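Keep in mind the model is a prediction, meaning the values are calculated, not measured. Each chain gets a letter, A, B and so on, in the order its sequence line appears, and its residues count up from 1.
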2 protein chains.
Amino acid sequence: MSLSFAILGLLTFQPMSGYTLKSRYFDRSIAHFWPADQAQIYRTLQQLEAGGAVESEVVDNSGRPNSKLYAITSAGRESLEGWLAATHKIAPLRDAFLVQLYFGRLLSRDQMLVVLQGRRAEHARQLDYFRKLQLPEPDSDQMRRQLLFGEMTLDFARRNEAMMLDWLDACIATVAALSDD
Amino acid sequence: MSLSFAILGLLTFQPMSGYTLKSRYFDRSIAHFWPADQAQIYRTLQQLEAGGAVESEVVDNSGRPNSKLYAITSAGRESLEGWLAATHKIAPLRDAFLVQLYFGRLLSRDQMLVVLQGRRAEHARQLDYFRKLQLPEPDSDQMRRQLLFGEMTLDFARRNEAMMLDWLDACIATVAALSDD
DNA sequence: TGCAAATATAGGACGAGTCATATATGACTT
DNA sequence: AAGTCATATATGACTCGTCCTATATTTGCA
């Protein structure tokens, strides 16, 4: 579901091909919080077209392979706006690392510390990545407003990584204080 | 994958039926950070048995329907310990709400505020739930050690909800300051 | 000359997860 | 007597997401 609406949302910027959608837009924004591969994006575009939310026109790109230019329809826009304005259920937490940690008693203290510190290093790298990530300069009021929402999602990613680090530090302290066995 | 190891982990407490596993253990712990329904748990038990990680024995419960008592095998324990000690890739962030927020420019300021405040209320409820959630009293050293790890996962859930609230408050402030259109 | 990268779309296979449904019985409630 | 709850297991159908592969052409680099 979310992917369909992500695609519809991107098509509100302008009509574009599946390739452009993915490489110029999706991979630079949505992919950070809703990953999807090429196969899925193309299939979803087909589903959206079958459902009348987008329509396509084949473009003859002299030289390069033909592409399909997808555009959002008015039905698609209505469906998108309805979804955006609705209150959806919060997706339940789902984190495999918590499963791993939950059974930490089955590892020795030192094994667990290795796992936790490895995890910490990865999240530190991700926080660094998100801290350095810069959004483009706006060249219109429309874009300025769009970037504001982009910044909020980026802010989330940063806060999330920072919270992870704090929590992992607390876990490391707790486990380090444990008797070794 | 994670579900298999979650089940193996629970079976290290004691051999038990699929029903007991789910209702007495899974739903009170793992389900908070790795939800799964009954169908999936039963099928995963079957897969684990086919793979030799668990073995089962049919028990005649006089009166109640027969049950299968599942026990972890030594192969299963090795596989579990290997997985627990390994460093796994961090699962990429996947949050549909960020998709919704990203296209916030398509809503009016007030529509967006309704969405954000509804979200905030839900997370406040969840934080309250996790704050009130209490782990049982330990009655052995083994259990004390287990509860320590249980507390770490609960700590995560609480920090996560608190982070969400802080972030949503920042988003609400940003959106509230926007010109209405 | 040859190879990789960028452009461009699409299908098969599979795993994970969700939903609905089927079956069976004892115990307790209305 | 009828209904619901708790106990107990299992399958079919479906969606979503991932991985792998196939196809086709231009541009640029070594």
Side-chain angles (χ1 to χ4, degrees), chain A residues 1-7 15-28 30-51 54 56-70 83 88-89 91-96 99, chain B residues 1-7 15-28 30-51 54-70 83 88-96 99:
Chain A
M1 269 296 93
S2 305
L3 183 59
S4 302
F5 293 110
I7 288 174
M16 51 187 135
S17 68
Y19 188 83
T20 304
L21 180 90
K22 176 167 197 304
S23 54
R24 295 247 191 288
Y25 292 86
F26 189 88
D27 286 348
R28 296 179 188 177
I30 314 280
H32 286 110
F33 43 82
W34 195 271
D37 76 350
Q38 173 265 354
Q40 213 191 330
I41 288 173
Y42 277 87
R43 266 194 270 254
T44 303
L45 278 167
Q46 287 169 6
Q47 285 165 21
L48 286 169
E49 185 161 31
V54 305
S56 72
E57 188 196 343
V58 176
V59 175
D60 180 12
N61 302 324
S62 53
R64 260 171 274 116
N66 288 354
S67 61
K68 281 193 198 167
L69 205 67
Y70 286 96
W83 184 79
H88 304 287
K89 280 206 199 101
L93 180 59
R94 184 182 285 283
D95 189 337
V99 176
Chain B
M1 268 296 91
S2 305
L3 182 59
S4 304
F5 292 110
I7 288 173
M16 52 186 136
S17 68
Y19 188 84
T20 304
L21 180 89
K22 177 168 197 304
S23 54
R24 294 247 190 289
Y25 292 86
F26 190 88
D27 287 349
R28 297 179 187 178
I30 314 278
H32 287 110
F33 43 83
W34 196 271
D37 74 351
Q38 174 263 359
Q40 214 189 329
I41 288 174
Y42 276 87
R43 265 195 268 254
T44 303
L45 278 167
Q46 288 167 5
Q47 286 165 21
L48 286 170
E49 184 161 31
V54 306
E55 44 190 25
S56 72
E57 190 196 342
V58 176
V59 176
D60 180 11
N61 303 325
S62 54
R64 259 169 275 116
N66 289 354
S67 61
K68 279 192 197 169
L69 205 66
Y70 286 96
W83 185 79
H88 305 286
K89 280 208 198 99
I90 294 178
L93 179 60
R94 184 182 285 283
D95 188 338
V99 176

> So do the side chains of A:Leu21 and A:Tyr70 get within less than 4.5 Å of each other, counting heavy atoms only?
Replying inline: no
Using whole Å, what does the distance between atom [atom2] of nucleotide [N] and atom [atom1] of [X] come to?
{"X": "B:Glu57", "N": "D:dA8", "atom1": "CD", "atom2": "P", "answer": "15 Å"}
{"X": "B:Asp95", "N": "D:dG17", "atom1": "CG", "atom2": "C1'", "answer": "17 Å"}
{"X": "A:Ile30", "N": "D:dG17", "atom1": "CD1", "atom2": "P", "answer": "13 Å"}
{"X": "B:Met1", "N": "D:dT18", "atom1": "CE", "atom2": "C1'", "answer": "14 Å"}
{"X": "A:Lys89", "N": "C:dC19", "atom1": "NZ", "atom2": "C1'", "answer": "13 Å"}
{"X": "B:Ile41", "N": "D:dA8", "atom1": "CD1", "atom2": "P", "answer": "15 Å"}
{"X": "B:Met16", "N": "D:dA8", "atom1": "CE", "atom2": "C1'", "answer": "15 Å"}
{"X": "B:Asp37", "N": "D:dT15", "atom1": "CG", "atom2": "C1'", "answer": "14 Å"}

>> Check this for me: B:Arg94, atom CZ, are more than 12 non-hydrogen atoms of other residues, nucleotides or ligands nearer than 6.0 Å?
In response: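 Yes, enclosed.
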> 5'-most contact on DNA chain D: A:Ser2 or B:Ser17, nearest heavy atom basis?
Replying inline: B:Ser17
> Toward the 5' end of DNA chain D, which comes first, B:Ser23 or B:Tyr70, by nearest nucleotide?
Replying inline: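 Nearer the 5' end of the strand: B:Ser23.
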> Which of these nucleotides, D:dT9, D:dT18, C:dG11, is closest to any side-chain atom of A:Gln40?
Replying inline: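 Closest nucleotide among those given: D:dT18.
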> So which nucleotide from D:dC16, C:dT9, D:dA6 ends up closest to the side chain of B:Tyr19?
Replying inline: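 Looking only at heavy atoms from C-beta outward on B:Tyr19, the closest nucleotide is D:dA6.
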> Under 4.0 Å between a side-chain N/O of A:Lys22 and OP1 or OP2 of C:dT7, yes or no?
Replying inline: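 Answer no for this pair, as no side-chain N or O of A:Lys22 is under 4.0 Å from OP1 or OP2.
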> Should A:Arg24 be listed as having a side-chain N or O under 4.0 Å from OP1 or OP2 of C:dT7?
Replying inline: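 For A:Arg24, the contact criterion (side-chain N or O under 4.0 Å from OP1 or OP2 of C:dT7) is met.
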>> Can you pull out the residues from residues 42-51 of chain B that lie within a 4.0 Å heavy-atom distance of DNA chain D?
In response: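 Output list: B:Tyr42, B:Arg43, B:Gln46.
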>> Distance criterion of 3.5 Å, no angle test: do you see the side chain of A:Gln38 paired donor-to-acceptor with the base of C:dA10?
In response: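 A donor-acceptor contact between them is present.
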> Measuring from B:Arg43:CZ to B:Leu3:CG, what's the distance to the nearest 0.5 Å?
Replying inline: 12.0 Å
>> Applying the side-chain contact (heavy atoms from CB on, under 4.5 Å) criterion to A:Lys68, which one of A:Leu45, A:Val59, A:Val54, A:Val58 satisfies it?
In response: A:Val58
> Which atom pair, heavy atoms only, marks the closest approach of B:Ala36 to B:Lys22?
Replying inline: O-CE, 4.0 Å
>> I'd like to know if the side chain of B:His32 and the backbone of A:Leu93 have a donor-acceptor N/O pair within less than 3.5 Å.
In response: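 Such a contact is absent between B:His32 side chain and A:Leu93 backbone.
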> Counting distance only, does the side-chain N/O of B:Tyr42 pair as donor-acceptor with the main-chain N or O of B:Tyr19 below 3.5 Å?
Replying inline: yes
